[in-house]
S.K.: 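Once you've had a glance at the structure underneath, I'll fire off some questions.
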Amino acid sequence: WLKGDQSRPPLRRTHRRCADAMAARFASFGARWWSRGLSTSAPFGALAAGSALAAGAICDRQRRFLRAEGAPKAESHDAANLRPHHMSSWQDGSTGLVAERRVNKVENPMFVELPNMNFLNPDELVMGHVILNDSKAASRSQALKKGCVRANACKDIWWEPREVRAAIVTCGGLCPGLNSIIREVTNTLWHQYGVRSVLGIQGGYGGLSHPEDYKPIPLDPNYVREIHMKGGSVLKAGRGGFDAEKICDKLEEMGINMLFTVGGDGTQGAAHLLFEAAKKRNLPVSIVGVPKSIDNDILYFDKTFGFDSAVATASEVIRHGWVEATSCNKGVGIVKLMGRDAGFVAMNAALASTIVDLVLIPEVSVRMEDVLLHVDATLARKNYMVIAVAEGAGQEHVSTGKKDATGHTIYGDIGVYLRDTINKHLKPTGGRSFYIDPSYIIRSCPIRPNDHIYCSRLARDAVHTAMRGYSGVCVGPIHNIIVVMPSHLIAAGKSHVKVKSSAWQSCVQSCNMPDSLAGH
């Protein structure tokens, strides 16, 4: 039936799924043997030939599905489509997975030094959709449907380490873990690959556009040894200054052929533009991003580095609000946390502290009448209350209607508005609120141990991905496995708290919030 026998009986849906799985397995083995240069006359020839037909049938069904969905260029929205992002094929217009065993000719020095270490099969895929009979299947991203290539060390690499001159730049605002990323990228390049030229670019993209004004810092294990012990960035993270053509000129002048960009969706969007500019002029440079967001609003990936540290610090601040509220008759502690467009910090800090009675996030619009009813009910029940509010929540009540110089909306202060409204409401009965705004405290804190481990994983896999020859990509976790993702997918938007998610529903239950404030 793999050869298209039309006489075979129709398969039930379950049987068809099994058949598709078997066909995909044949296709995987066939592609693997082809990538090793075996002809169809080899013992696995029949297997390879069958795999081609099976894979063709599968691809035909996928193409029909994509046509039905109206996607003009489906491959551009496919996380597994990495041929346009590999040094061997970025100029030829081909699509699909990279046959790394065939095109990567350099033996990984790690394999020479540590031959018994486990090295990935370069075609290992992490499937994005792993739930059978998924109740939320309609909401799952199609970009992950075919899986994502794992990001880790392989036996064969693209770059000759002795020819690599690397640079790392941190862009945007601060975030716990920036120094951990800088440290581990440097150490992995230096110790695992023997790269002896690593530059730290100061001031974000401005330092790449104008290195004469922001002198690059030579990085080595001695320089980065203790930098993870403090918050911030030793490279002075900065905003703006991006000029793709000028940066390409400077990269060429400095001989940099490997660049690590650490920043949010804006940074990675700029990195994609830089990748396209380098591709246009055929400037060989591997550009690999490590997405950063204190708000954890990066698309596709499980979480961003520094988020857990920010949540831990935020939950400690919430405890201070709880102390104030419980030390007063009818006290209401209000803590405003970071989160312009996504409420992940507030939600997770509430879940971590388990002493919050109301969480307000940008994804849920509320009426103040409902908020005050919940305040009254909570005070009647236990005589105090704690509220965690994301800075972007409730903008329907405090909208300024203004934009800053970069076009971003200037948000009104929901924390002050909430404080004043609750104080006015409680004044006749003798209650009051205590307002705490930790502001940048949660993003400037040192990295926590588990978060540091996570940063190290990301940094190492970013280096492995670059050494394998990929460019215009980011690394991050899918189901807690670090994968490679095209940067333009990461830059396509922001992630938001889903009000139907188990996390938000757990938060609603933990806080004992009424349905009128849950967004359902």
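For the numbers below, each heavy atom of this structure counts, side chains included, while hydrogens, waters and symmetry mates do not. The structure displayed is predicted, hence computed values, not measured ones.
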S.K.: I'd like to check Ser487 versus Ile490 (side-chain heavy atoms, cut-off strictly below 4.5 Å). Are they in contact?
M.R.: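 Result no, sub-4.5 Å side-chain heavy-atom pair not found.
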S.K.: Verify whether the ring centers belonging to His488 and Phe275 lie closer than 6.0 Å.
M.R.: no
S.K.: Just checking, is any N or O donor in the side chain of Ser286 or Trp159 under 3.5 Å from an acceptor N or O on the other one?
M.R.: yes
S.K.: Can you tell me if CD on Glu212 sees more than 12 non-hydrogen neighbours from other groups inside 6.0 Å?
M.R.: yes
S.K.: What heavy-atom pair brings Leu489 and Asp78 nearest, and what distance separates the two atoms?
M.R.: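 Closest approach of Leu489 to Asp78, heavy atoms only: CD1-C, 4.4 Å.
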S.K.: For Asn121 and Arg101, which I'm curious about, is there any donor-acceptor pair between the side chains at under 3.5 Å?
M.R.: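 Per modelled atom types, Asn121 and Arg101 side chains form a pair under 3.5 Å.
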S.K.: Starting from the C-alpha separation in whole Å, work towards a yes-or-no answer on side chain to side chain contact (heavy atoms under 4.5 Å, CB included) for Leu174 and Tyr440.
M.R.: CA-CA 9 Å; Leu174 296 184; Tyr440 293 140; over 6 Å; no
S.K.: For the residue pair Arg83 and Ser94, confirm or rule out a side-chain donor-acceptor distance under 3.5 Å.
M.R.: yes
S.K.: What class does the angle between the rings of Tyr205 and Phe242 fall in, given that below 30° is parallel, 30 to 60° is tilted and above 60° is perpendicular?
M.R.: perpendicular
S.K.: With a 6.0 Å cut-off (strictly less than), is the heavy-atom count around CZ of Phe301, excluding the residue itself, greater than 12?
M.R.: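 Atom CZ in Phe301 is packed in, count exceeds 12.
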S.K.: Would Asp249 and Arg281 pass as an ion pair if we require N to O under 4.0 Å?
M.R.: yes
S.K.: Flag yes if more than 12 heavy atoms outside Arg196 fall under 6.0 Å of its CZ atom; otherwise flag no.
M.R.: yes
S.K.: A side-chain contact here means heavy atoms from C-beta on lying under 4.5 Å apart; do His86 and Val103 qualify?
M.R.: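 With C-beta onward as the side chain, the pair touches.
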S.K.: Work out which heavy atom in Ile217 is nearest to a heavy atom in Leu235; give both atom names and the distance.
M.R.: CD1-CD2, 4.1 Å
S.K.: With a 4.5 Å cut-off on side-chain heavy atoms, are Leu82 and Leu97 touching?
M.R.: no
S.K.: Could you state the interatomic distance from CG (Asp220) to CG (Leu189), rounded to the nearest 0.5 Å?
M.R.: 12.5 Å
S.K.: Looking only at heavy atoms, which two atoms of Met117 and Met110 are closest? And how far apart?
M.R.: CE-CE, 3.3 Å
S.K.: Measure the spacing between CG of Asp461 and CD of Glu184 and express it to the nearest 0.5 Å.
M.R.: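 Rounded to the nearest 0.5 Å, the CG-CD separation comes to 10.5 Å.
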S.K.: Side-chain contact test, heavy atoms from C-beta onward, threshold under 4.5 Å: evaluate it for Phe305 versus Val262 and give yes or no.
M.R.: yes
S.K.: Keeping the roles fixed (side chain from Gln202, backbone from Gly207), state whether a donor-acceptor pair exists under 3.5 Å.
M.R.: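 Pair absent, no side-chain N/O of Gln202 close to backbone of Gly207.
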S.K.: If the test is side-chain hydrogen bond (donor to acceptor under 3.5 Å, both in side chains), which one of Asn296, Asp295, Asp297 qualifies with Ser293?
M.R.: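 That would be Asp297; it is the only one of Asn296, Asp295, Asp297 passing the side-chain hydrogen bond (donor to acceptor under 3.5 Å, both in side chains) with Ser293.
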S.K.: If only side-chain N and O atoms count, and only distance matters, is there a donor-acceptor pair under 3.5 Å linking Thr409 with Lys403?
M.R.: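 Present: a donor and an acceptor within the cut-off.
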S.K.: Give the C-alpha distance, both sets of side-chain angles, the deciding distance and a yes or no for salt bridge (Lys or Arg N to Asp or Glu O under 4.0 Å) between Arg340 and Glu391.
M.R.: CA-CA 6 Å; Arg340 280 180 55 86; Glu391 61 181 314; 5.4 Å; no
S.K.: Can you tell me if Arg468 and Asn152 form a side-chain donor-acceptor pair at under 3.5 Å?
M.R.: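 Asn152 and Arg468 do not have a side-chain donor-acceptor pair below 3.5 Å.
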S.K.: How close do Cys148 and Val484 get, heavy atom to heavy atom, and via which atoms?
M.R.: CB-O, 4.1 Å
S.K.: Between Ser233 and Thr170, do the side chains contain an N or O donor and an N or O acceptor separated by less than 3.5 Å?
M.R.: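 Judged by distance alone, the side chains do pair up.
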S.K.: Between Ser180 and His452, is there a side-chain donor-acceptor contact under 3.5 Å, judged purely by atom types and distance?
M.R.: yes
S.K.: Answer yes or no: is there a donor N or O on one side and an acceptor on the other, between the side chain of Asp302 and the main chain of His479, under 3.5 Å?
M.R.: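 Such a contact is found between Asp302 side chain and His479 backbone.
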S.K.: Which heavy-atom pair separates His228 from Ile447 by the least distance, and what is that distance?
M.R.: O-CG2, 3.8 Å
S.K.: Work out which heavy atom in Pro84 is nearest to a heavy atom in Thr95; give both atom names and the distance.
M.R.: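 Smallest interatomic distance, heavy atoms only, reads CD-CA, 4.4 Å.
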S.K.: Please examine the side chains of Met258 and Val285, heavy atoms only from C-beta on, and report whether any two atoms are closer than 4.5 Å.
M.R.: no
S.K.: Could you tell me whether the side chain of Tyr300 and the main chain of Ile478 form a donor-acceptor pair under 3.5 Å?
M.R.: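 Checking the backbone N and O of Ile478 against the side chain of Tyr300, no donor-acceptor pair under 3.5 Å is found.
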S.K.: Would you say the side chain of Met467 lies within less than 4.5 Å of the side chain of Pro161, judging by non-hydrogen atoms?
M.R.: yes
S.K.: Could you walk me through whether Asp134 and Arg140 pass the salt bridge (Lys or Arg N to Asp or Glu O under 4.0 Å) test, one step at a time?
M.R.: CA-CA 9 Å; Asp134 188 1; Arg140 305 300 183 190; 2.6 Å; yes
S.K.: Distance-only, no hydrogens or angles: does the Lys155 side chain make a donor-acceptor pair with backbone N or O of Leu120 under 3.5 Å?
M.R.: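 Side chain of Lys155 to backbone of Leu120, a donor-acceptor pair under 3.5 Å: no, none is there.
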S.K.: Between Gln91 and Lys279, is there a donor-acceptor pair closer than 3.5 Å when you use the side chain of the first and the backbone of the second?
M.R.: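 Yes, because the side chain of Gln91 sits within donor-acceptor range (under 3.5 Å) of the backbone of Lys279.
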S.K.: Can you tell me if Asp341 uses its side chain to pair, donor with acceptor, with the backbone of Lys494 under 3.5 Å?
M.R.: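 Between the backbone of Lys494 and the side chain of Asp341 there is no qualifying donor-acceptor contact (under 3.5 Å).
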S.K.: So, Asn179 side chain and Ile227 main chain: donor-acceptor pair closer than 3.5 Å or not?
M.R.: yes
S.K.: Between Ser501 and Lys498 (side chain of the first, backbone of the second, donor and acceptor by atom type, cut-off under 3.5 Å), is there such a pair?
M.R.: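 At least one qualifying donor-acceptor pair exists.
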S.K.: Quickly, which of Phe260, Tyr193, Phe111 forms a ring-ring contact (aromatic ring centres under 6.0 Å, His included) with His464? Name it, please.
M.R.: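 Answer to the ring-ring contact (aromatic ring centres under 6.0 Å, His included) test with His464 among Phe260, Tyr193, Phe111: Tyr193.
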S.K.: We want to know whether Ser309 and Arg448 form a side-chain donor-acceptor pair, criterion being a heavy-atom distance below 3.5 angstrom.
M.R.: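 No, no side-chain donor-acceptor pair sits under 3.5 Å.
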S.K.: State, with a plain yes or no, whether a side-chain heavy atom of Ile287 is found less than 4.5 Å away from one of Thr261.
M.R.: yes
S.K.: Please answer whether the main-chain N or O of Gly472 pairs with a side-chain N or O of His85 as donor and acceptor at a distance below 3.5 Å.
M.R.: yes
S.K.: Using only heavy-atom distances, determine whether the side chains of Glu100 and Tyr470 contain a donor-acceptor pair under 3.5 Å.
M.R.: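 Per modelled atom types, Glu100 and Tyr470 side chains form a pair under 3.5 Å.
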S.K.: Do the non-hydrogen side-chain atoms of Asp156 and Val106 ever get within less than 4.5 Å of each other?
M.R.: no
S.K.: Starting at CD1 of Ile157, measure out to OG1 of Thr465 and round the result to the nearest 0.5 Å.
M.R.: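 The CD1 atom of Ile157 sits 12.0 Å away from the OG1 atom of Thr465.
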S.K.: Using a 3.5 Å distance criterion without hydrogens, assess whether the side chain of Arg443 forms a donor-acceptor pair with backbone atoms of Gly232.
M.R.: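 No; zero donor-acceptor contacts below 3.5 Å.
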